[in-house]
2 protein chains.
Amino acid sequence: MTSPEPTPDATTDPPGSPAARAPEAADLVITGCTALVHDEREEIGFVEDATIVVRGGRIATIAGGPADLLAAGLADAEHIDARGQVAMPGLVNCHTHTPMVTLRGIAEDLPIEEWFNEYVWPIESNLQERDVELGARLACAEMIRGGVTCFADHYFSMDTVAAVTAESGLRANLGQAFFSSQGAEGRERSLDFALRHRDTADGRITTSLAPHAPYTVDDADLAATAGLAREHGLLVHLHAAENRAQTDASLARHGRTPIEVLAEAGLLDTDLLIAHGTGIVERDLPVLARATGRVGVASAPRGYLKFAWPTTTPVRALRELGIPVGLATDGAASNNSLDVWESMALTALAQKFTEADPRRLTSRQALHHATLQSARAVGLGERIGSLAPGRRADIVLVDLSGPHTQPVHDLAATLVHSARSGDVRTTIVDGRILMRDRELLTLDVPAVVREMNERMPTLIDRAHGRRVQEYET
Amino acid sequence: MTSPEPTPDATTDPPGSPAARAPEAADLVITGCTALVHDEREEIGFVEDATIVVRGGRIATIAGGPADLLAAGLADAEHIDARGQVAMPGLVNCHTHTPMVTLRGIAEDLPIEEWFNEYVWPIESNLQERDVELGARLACAEMIRGGVTCFADHYFSMDTVAAVTAESGLRANLGQAFFSSQGAEGRERSLDFALRHRDTADGRITTSLAPHAPYTVDDADLAATAGLAREHGLLVHLHAAENRAQTDASLARHGRTPIEVLAEAGLLDTDLLIAHGTGIVERDLPVLARATGRVGVASAPRGYLKFAWPTTTPVRALRELGIPVGLATDGAASNNSLDVWESMALTALAQKFTEADPRRLTSRQALHHATLQSARAVGLGERIGSLAPGRRADIVLVDLSGPHTQPVHDLAATLVHSARSGDVRTTIVDGRILMRDRELLTLDVPAVVREMNERMPTLIDRAHGRRVQEYET
């Protein structure tokens, strides 16, 4: 799936393009690192002692061997000496609800019905713009610290999330969520948001239409969304077949799986990002194979284990159809963190277990999900997802000097199974450093936490008995 | 399970006892932290603004409310201001093979048969004392950094591991592994090691007899081991019913499960630490219920997922029998890390998934496994595992100021599902600080890694075709 918007192509910067406009995108040179790259068959490889040159927010060159910055005319560029570190594409959180970090840990050890109906949806009826703003800010801080450079967000008050995204320096695909219970207005607001914000923040923000799910958005609304997506060239981002119970309920109610509902609504003929899909069943596979749009799936395995769902995303079957499966965390109210690094490891482990096959996912396959597949899933397959000339300079530097990542016999395995999100030392988006040596440069966490805690009693009050929606698969 | 050796009791320090002998066990006061404690029913609770006073390597007092160090006569004690941090009992790695960190990542994405026969056992036939020493040192560094204060190790060349344990400042239960293929000598060496090292390193080292497993140690050797354990009051630490295939093979071969083999050998009448037990089946439960020794099980869930084993340790069934289930990582050659914090989260998640019940393990249950149950599993239930007066001062301080651990609605959930091993700032064993603000004070990681890498080509050479043992369930 590529970006549906008209954007500057991957290798040149036309005058007036977002990158050329960005004054903070100073030239940058990273030297001495081991760089994770993809070959022409998209196999993961590593370049030793690599030098990465960034110009205008893009990767200009990447090459192995020691660099003479003076000889290369780079003496004035900002320089990061990254010896002992691995440079890799920034992680992409392909499905999250950033403001929900505010509710991290508020509804623990519950089935999804109670989690939604007793806690999350009652509390969300109290949600104010300022709560969304503080939550989004904390979430962006957490993601930058964890090596995430791009996220796909699906929530309410997305104008506020867009403003925080711009401030944070991160890249994002943002969608204003809606339910059919909101009437036509919900869908119209989602479209209005998508059109106003597409390609803003120097091109770092792309947008999507964001119906909540087939069990909260009716067939007519889904079909109308598909029409709008085609008309405006927009990605659609929604929850579907989240778990097997939803698929069973959909079959019992109208004889169709959630994927079949999407197909009949025309959504498989649009660019589509499906969150979760652990309820995708055998009969869905030929339906997905006939999709004419670019379909991607976001997998957030921690939450599936925590909710005790019987299955995880069927990664092998989806890969056999050529469908990219990106990594995600979902919101922190269910997942307890926005740690995409953990999602990478858990995806590898959960796939081995559910397929009863220790040979896959290999660490290299997991890294492919974390890089190119995640970029494609959020519609940015041409812009990010690999360290290659012309791609946006979304780079993280990972410190492997800790005792838990030594010795290194297999660097892919070290990254997936031994390294942790906390080993990311430096996070760069569009060539701009957002975290340097673990220090956040764009966000003030203590100030956010202080105000968030002051507002908390009002936010989490459930005495009113309202909820934004009812969960019933 | 309590320590089988004669040791000073938990609340007094008789003159000449190990703690009284330890000159480095300076008095220490920790103030301002939130302390994880257990009530009389062993429920987890938290004391706000706690002051912990350590004397002679033990916790002397622990109490809530601000401390006036001058008034309390503590002005000369070493002082840690731990505001914003949580003090909890150090984690216990209940089953590992420390020197195997040297092989981290060398045999990836393989079934256990190939992992053992093609890589691990051929390479281990090259193992020299110096390799064991460097590996143990790196492992201790990794564990201290990850908040582990005690480990149960089961490997070869354990005299060397004991020396490194003493040097590192960690607490450990150590066992010299043996196979029946070594003849009577293996068992005799295991006993000799256990007797020479018990209660050394100022009491921080306890020991066990360490037959490898029922599939590599014959019935006669197991029975002899049980006799020696009873005679000398020693713990027995071994692998058993590691996976379902081993149980099936045992049944096919001689009509008994591995647990029944242990029972017939008399090992359930000794203090026994069983590693893994994912192959424990229904018929084993009454056998375990009749155990007259103190039996514990160590669970290392990451490796079970990675090897694609069909089951995990049956924690619920074991708990219903009152058997403690401690947390473990196994060796890093299979698990890729010694991250017990991750084992804690994965145990909670894997139990929810395999029992199809999101309500358990709760985070508090996971913390109970991580603390008292882990201490009991390694035979130290009276000495460590809780922050209470008289217990050894094995304490870790966890920093929750990061964006990924804020806000805090449920501190137990924050610890289990949001915090990471890298959030441990300070690690204390017997009142001695082994890591302060992430800086290791007893071990030199770069020097270890340098020499380890120099020795690596010789160590990992498999051209000779030897192996220390053959894996055949």
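The figures here come from the full heavy-atom set of this structure, side chains too, leaving out hydrogens, waters and symmetry mates.
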Scored by heavy-atom pairs under 4.5 Å with chain A, the best of B/Tyr304, B/Phe353, B/Trp309 is B/Phe353

Cut-off 4.5 Å, heavy atoms of chain B, and the answer for A/Arg104 is both

Between A/Thr329 and A/Ser343 the two heavy atoms that sit nearest each other are CG2-OG, 3.8 Å

So, the part of A/Met456 with a heavy atom under 4.5 Å from chain B: the answer is side chain

If one checks every heavy atom of B/Ile460 against chain A at 4.5 Å, the contacting part turns out to be side chain

Okay, B/Leu346 and chain A: the region with an atom under 4.5 Å from a heavy atom over there is side chain

Okay, A/Leu138 and chain B: the region with an atom under 4.5 Å from a heavy atom over there is both

Turns out that what part of A/Asn453 lies under 4.5 Å from chain B's heavy atoms comes down to side chain

Between B/Ala356 and A/Ala308 the two heavy atoms that sit nearest each other are C-CB, 3.8 Å

Ranked by heavy-atom pairs below 4.5 Å to chain A, first place among B/Glu142, B/His417, B/Arg360, B/Glu108 goes to B/His417

Applying a strict 4.5 Å limit to non-hydrogen atoms, the region of B/Pro310 in contact with chain A is backbone

So, the part of A/Arg302 with a heavy atom under 4.5 Å from chain B: the answer is both

Note: vs chain B, highest number of non-hydrogen pairs under 4.5 angstrom among A/Met452, A/Met143, A/Glu114 is A/Glu114

One option among B/Thr102, B/Asp357, B/Leu411, B/Val408 has the most heavy-atom pairs under 4.5 Å with chain A, and it is B/Thr102

Chain A shares the most heavy-atom pairs under 4.5 Å, among B/Pro446, B/Ser418, B/Gly422, with B/Ser418

With chain A, the option among B/Val448, B/Leu103, B/Leu338 that has the most non-hydrogen atom pairs under 4.5 Å is B/Leu103

Heavy-atom nearest pair, A/Asn117 first then A/Pro122, reads O-CG, 3.1 Å

Closest heavy-atom pair, A/Ala366 versus A/Ala348, reported as atoms and distance to 0.1 Å, is CB-CB, 4.2 Å

Are the side chain of A/Thr34 and the backbone N or O of A/Glu48 linked by a donor-acceptor pair below 3.5 Å?
-> no

So, the part of A/Arg145 with a heavy atom under 4.5 Å from chain B: the answer is side chain

Bottom line for A/Ser363: the part with an atom under 4.5 Å from chain B's heavy atoms is both

Applying a strict 4.5 Å limit to non-hydrogen atoms, the region of A/Glu355 in contact with chain B is neither

So, the part of B/Ile106 with a heavy atom under 4.5 Å from chain A: the answer is both

Bottom line for A/Thr362: the part with an atom under 4.5 Å from chain B's heavy atoms is both

For B/Thr427 and B/Val148 the tightest heavy-atom approach is CG2-O, 4.1 Å

For A/Gly303 and A/Asn335 the tightest heavy-atom approach is N-OD1, 3.5 Å

Under 4.5 Å to a heavy atom of chain B? For A/Gln406 that would be both

### Message
So does A/Val340 get a backbone contact from the side chain of A/Asn93, meaning a donor-acceptor N/O pair under 3.5 Å?
### Response
no

Under 4.0 Å between a Lys/Arg side-chain N and an Asp/Glu carboxylate O for B/Glu133 and B/Arg137?
yes

Determine whether B/Phe307 and B/Asn243 satisfy the following criterion, side-chain contact (heavy atoms from CB on, under 4.5 Å), listing intermediate values before the conclusion. CA-CA 10 Å; B/Phe307 279 133; B/Asn243 54 42; over 6 Å; no

Notebook entry, point to check: In terms of side-chain geometry, is the basic nitrogen of A/Lys352 or B/Asp109 positioned less than 4.0 Å from the acidic oxygen of its partner?
Noted result: yes

Worksheet item: Okay, side chain of A/Asp423, backbone of A/Arg420: is any donor-acceptor separation there less than 3.5 Å?
Response: yes

Okay, A/Gln351 and chain B: the region with an atom under 4.5 Å from a heavy atom over there is neither

One should read off an interatomic distance between B/Thr311 OG1 and B/Arg244 CZ, to the nearest 0.5 angstrom, of 4.5 Å

